[in-house]
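Since the structure comes first, as structure tokens, the remarks are kept for the end.
Position 1 is the first residue of the sequence, and the numbers go up from there.
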Amino acid sequence: MSKAVYVATIEPNSGKSIVVLGMMRMLLGKVAKVGYFRPIIDDPAEGEVDNHINTVISHFELDINFKNAYAFTRSEVLQKYNQGKPNEIIDVIIQKYKNLEEKFDFILVEGTDFSDEGSIIEFDINVVIAKNLGIPAIIVASGADKTNDEIVGNIKLACDTFRSKDVDVLALVGNKVDLSNEEGLRSELANSFDNEIEQIVIPKINSLSNPSIKEIVKELDGKVLFGKEYLNNQAGSFGVGAMQLRNYLTHLKENSLVITPGDRADIILGVLQANISDNYPKISGIILTGGIIPEEPILKLIEGVSLSAPIISVPSGTFSITNKIGAIKPKIHADNPQKIITSISTFEKYVNEDRLAEKLVTFKSDGITPSMFQYKLLRRALKHKKHIVLPEGSDERILRATSRLLASDVVDITLIGNEKKIRSKATKLDIPIDFDKVSIIFPTESPYYDDYVQTFYELRKHKNVNLDMAKDMMADVSYFGTMMIYKGHADGMVSGAIHTTQHTIRPALQFIKTKQDVKVVSSVFFMCLEDRVSVFGDCAINPNPNAEQLAEIAISSSESAAAFGIEPKVAMLSYSSGSSGKGADVEIVRAATAIVKEKRPDLKIEGPIQYDAAVDMRVGKSKLPDSEVAGQASVLIFPDLNTGNNTYKAVQRETGALAIGPMLQGLNKPVNDLSRGCTVDDVYNTVIITAIQAQGL
């Protein structure tokens with residue numbers, strides 16, 4: 001049984017980071033504990049660490065010490081070879097790998113980069129390492145500037161070499177392939193290799209192929225004059241501003257990097273003005289060459305301009321700088337989450353993850369970890385893309401979450417608000433949103449506004465609502481967003497980042513209504529603890545439920561748990577366990593438990609039970625030794641809102657658990673409420689569970 005895989009490339013700049021990041025995300029969704037290992041790394045600059053290791057460990061929050069994640073630097077390997085000690089290299093690599101193997105269920109091993117001297121022997125080294133570790137390989141080849149015959153030939157040679165050394169090859173990846181060659185390459189790979197080997201073709205993704213301004217600054221030894229916060233901008237293209245301004249402006253392209261001598265004040269100011277104009281494309285930055293800093297009046301003028309791109313001064317001349325920029329090979333860094341997200345979503349889009357995982361992971365983990373849960377959420381949402389409306393479109397957290405959601409291509413998004421203000425805020429905060437992929441609506445300017453007003457009037461006139469009142473209501477973002485769902489113009493809504501819970505859910509209660517046989521709208525949080533995911537309900541909606549309401553909350557919460565892949569074992573929480581406790585509060589819990597048992601005899605339920613007895617096996621078995629739930633509860637039902645809300649927040653803050661929710665239960669169509677203290681992650685996750693609800697759970 002394999003517990004690892006070796007990701008190897010056959011050439012420089014193959015883009016294997018896409019494969020490594022995508023596979024790490026996939027593996028964390030399948031396996032509880034995933035490790036990462038690089039046998040050989042490039043020699044890091046003084047004071048720096050290996051970028052690959054830093055990016056993977058930090059982004060996925062892996063519990064690995066940096067020094068344990070690699071065995072040798074490139075210079076150390078060459079020194080060992082020159083000393084005639086290649087066996088020492090393998091011995092140390094095996095020992096380091098085995099140390100990780102004891103700690104993790106699965107290890108992703110990443111091969112070398114082919115980026116320095118000695119690359120002639122690198123391919124052979126990778127084959128030998130994979131053979132000695134006894135693990136299968138995935139081979140990544142670049143399709144950049146190659147014909148399909150060349151790509152297939154290179155892959156076939158690499159595959160034959162690995163197999164000749166008895167290393168199984170699980171998958172072949174043609175990366176950075178020209179779109180016009182994509183289908184042809186798939187066909188040629190299918191004809192050249194048997195079905196036992198997974199064949200993957202990933203086209204060139206421009207946003208990943210372009211260097212960031214930060215990479216350019218580092219390569220050119222540049223000095224940031226303005227706009228340090230925009231260094232993650234990506235240079236889509238670059239051009240020299242040498243002609244007169246009126247002519248140069250016509251050459252600007254989206255995300256252009258402008259290169260111009262530092263004394264060309266006309267180009268500098270003209271380009272900055274064009275950048276804030278709706279009539280010209282946005283630039284990614286300005287490089288001032290020759291070590292020339294603009295004069296004081298020009299600098300003062302720039303300081304007063306609203307920037308969305310950095311201005312960099314470099315010492316070399318224009319011609320030299322242009323050539324150097326053209327030679328820069330972009331990388332993916334830990335502090336550029338947008339590139340990481342794009343890489344992962346690209347992998348998910350072009351790779352059949354279920355089929356690949358079946359070849360890789362030959363065992364199943366007990367239980368479900370937070371990473372597994374989030375991975376499964378994303379995969380389910382991707383199966384049937386839904387349209388989610390976000391009424392608070394100008395909030396920074398909403399905009400940042402929108403950027404992530406669009407990069408993952410997991411939902412269609414409508415933002416409600418003033419389009420000009422939303423675009424301006426995204427630009428000011430350097431939030432990369434492709435506005436061609438998002439709809440922005442201002443309620444009273446929408447072509448649906450009059451129809452929504454009339455519909456609301458018809459629905460609520462029996463409550464003495466007149467047309468003027470209906471117009472006012474439909475100008476409200478929550479009412480407008482909810483009406484979009486009612487009319488089928490959106491599938492779900494997420495709000496509450498700047499509005500109260502009541503403001504968010506009142507419209508839904510008025511005309512979305514509850515499902516048949518549901519009397520109580522309630523909520524659950526998915527509490528992602530270190531080693532499990534628990535469902536907490538109700539922590540957001542019902543202050544003091546009676547026994548019947550509490551029973552309905554328990555049934556709804558158990559159904560939500562099952563729908564999201566969590567086996568429901570329901571604990572009806574109270575201040576006593578079993579039959580020992582007395583008092584009105586515990587009697588409500590006891591009665592609610594009896595109602596659930598009568599309505600749903602198939603459910604595993606225990607109540608009343610204390611929290612420690614519900615989640616701690618030792619305590620549970622001592623207090624309720626015959627219980628199927630004690631010590632292993634997955635659904636915890638709190639007796640009232642005061643207890644539930646405080647408990648979920650205490651668990652969240654004290655343990656660092658991720659709390660996804662609240663997810664509302666019982667409505668005909670999904671509307672979910674955010675906390676006004678929500679984070680970007682909260683918004684992102686809540687949108688995804690809303691999309692899954694909209695699929696018809």
Side-chain angles (χ1 to χ4, degrees), residues 367-368 514-527 532-645 647-648 661-667 697:
I368 180 170
T514 58
K515 295 177 181 177
Q516 189 176 3
D517 300 328
V518 172
K519 296 178 182 178
V520 178
V521 173
S522 59
S523 72
V524 291
F525 279 91
F526 295 99
M527 300 298 295
R532 67 187 186 278
V533 178
S534 297
V535 176
F536 282 18
D538 172 6
C539 304
I541 303 296
N542 297 284
N544 293 291
N546 58 33
E548 290 77 13
Q549 292 170 328
L550 198 59
E552 188 170 317
I553 291 169
I555 291 170
S556 293
S557 299
S558 67
E559 290 173 347
S560 292
F564 282 85
I566 300 169
E567 181 187 358
K569 295 181 180 181
V570 185
M572 305 293 284
L573 299 175
S574 184
Y575 55 76
S576 72
S577 296
S579 58
S580 61
K582 304 293 182 184
D585 291 339
V586 76
E587 289 304 326
I588 289 175
V589 175
R590 188 170 284 122
T593 304
I595 293 170
V596 174
K597 287 181 176 179
E598 181 182 348
K599 289 186 174 181
R600 289 289 306 275
D602 58 306
L603 279 179
K604 295 177 181 178
I605 185 168
E606 189 67 61
I609 185 172
Q610 292 160 290
Y611 187 94
D612 59 347
V615 300
D616 187 297
M617 187 65 75
R618 182 182 57 83
V619 177
K621 289 305 176 186
S622 68
K623 292 188 175 184
L624 296 165
D626 299 323
S627 173
E628 290 185 287
V629 173
Q632 49 188 323
S634 58
V635 179
L636 297 107
I637 305 301
F638 295 90
D640 55 61
L641 183 59
N642 184 51
T643 307
N645 192 269
T647 302
Y648 108 75
M663 184 184 86
L664 301 190
Q665 308 171 131
L667 292 168
L697 293 182

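Going from atom CD of Gln665 over to atom CD of Glu552 covers 9.5 Å, rounded to the nearest 0.5 Å. Summarising the geometry, atom OG belonging to Ser522 is positioned 11.5 Å from atom CG belonging to Leu641; distances are rounded to the nearest 0.5 Å. One finds the CE atom of Met572 at 5.0 Å from the CD1 atom of Ile605 (value rounded to the nearest 0.5 Å). A distance of 6.5 Å separates OG in Ser577 from CG in Asp612, rounded to the nearest 0.5 Å. If you take CD1 on Ile566 and OG on Ser560, they are separated by 9.5 Å, rounding to the nearest 0.5 Å. Taken from CG in Asn542 to CG in Leu550, the straight-line distance is 9.5 Å, to the nearest 0.5 Å.
Scanning both residues, Val589 and Ser574, for their nearest heavy atoms gives CG2-CB, 4.2 Å. Leu603 and Ser558 get closest at one heavy-atom pair: CD1-OG, 3.4 Å. Nearest heavy-atom pair, Pro543 versus Asp640, reported as atom, atom and distance to 0.1 Å: O-CB, 3.3 Å. Annotation for Thr647 and Thr643: closest pair OG1-O, 2.6 Å, computed over non-hydrogen atoms. The minimum heavy-atom distance between Gly537 and Ile553, with the atom names listed, is C-CG2, 4.4 Å. Heavy atoms only, all atoms of each residue included: Glu606 and Ser627 are closest at OE1-OG, 2.8 Å.
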For this session: Output, in order, the C-alpha distance, side-chain angles, deciding distance and verdict of side-chain hydrogen bond (donor to acceptor under 3.5 Å, both in side chains) for Asp538 and Ser523.
Result: CA-CA 5 Å; Asp538 172 6; Ser523 72; 2.5 Å; yes
Problem set entry | Check against side-chain hydrogen bond (donor to acceptor under 3.5 Å, both in side chains), Gln610 and Lys623 | CA-CA 10 Å; Gln610 292 160 290; Lys623 292 188 175 184; 2.8 Å; yes
For this session: Check step by step if side chain to side chain contact (heavy atoms under 4.5 Å, CB included) holds for Phe564 and Val535.
Result: CA-CA 10 Å; Phe564 282 85; Val535 176; over 6 Å; no
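Among Thr593, Val586, Ile588, the single residue meeting the side chain to side chain contact (heavy atoms under 4.5 Å, CB included) criterion with Arg590 is Val586.
Residue pairs meeting the salt bridge (charged side-chain N to carboxylate O under 4.0 Å, His left out) criterion with at least one partner in residues 554-567, sequence neighbours excluded, are Glu559-Arg600, Glu567-Lys604.
For the pair Leu573 and Ile609, the minimum side-chain heavy-atom distance is below 4.5 Å. No side-chain heavy atom of Val615 sits less than 4.5 Å from a side-chain heavy atom of Gln632. Contact of the Val524 side chain with the Phe536 side chain is not registered, since no non-hydrogen atoms from C-beta on lie closer than 4.5 Å. The side-chain heavy atoms of Pro662 and Ile541, taken from C-beta on, include no pair separated by under 4.5 Å. You'll find the side chain of Leu667 stays beyond 4.5 Å of the side chain of Val518, heavy atoms only.
Using a 30° and 60° split on the angle between ring planes, Tyr611 and Phe638 fall in the parallel class, below 30°.
For Lys621, the NZ atom is densely surrounded, since the number of other residues' heavy atoms within 6.0 Å is greater than 12.
Under the ring-ring contact (aromatic ring centres under 6.0 Å, His included) criterion, Phe525 pairs with Tyr648, sequence neighbours left out. With sequence neighbours left out, Ala551 forms a side chain to side chain contact (heavy atoms under 4.5 Å, CB included) with Ala592, Ile595, Val596.
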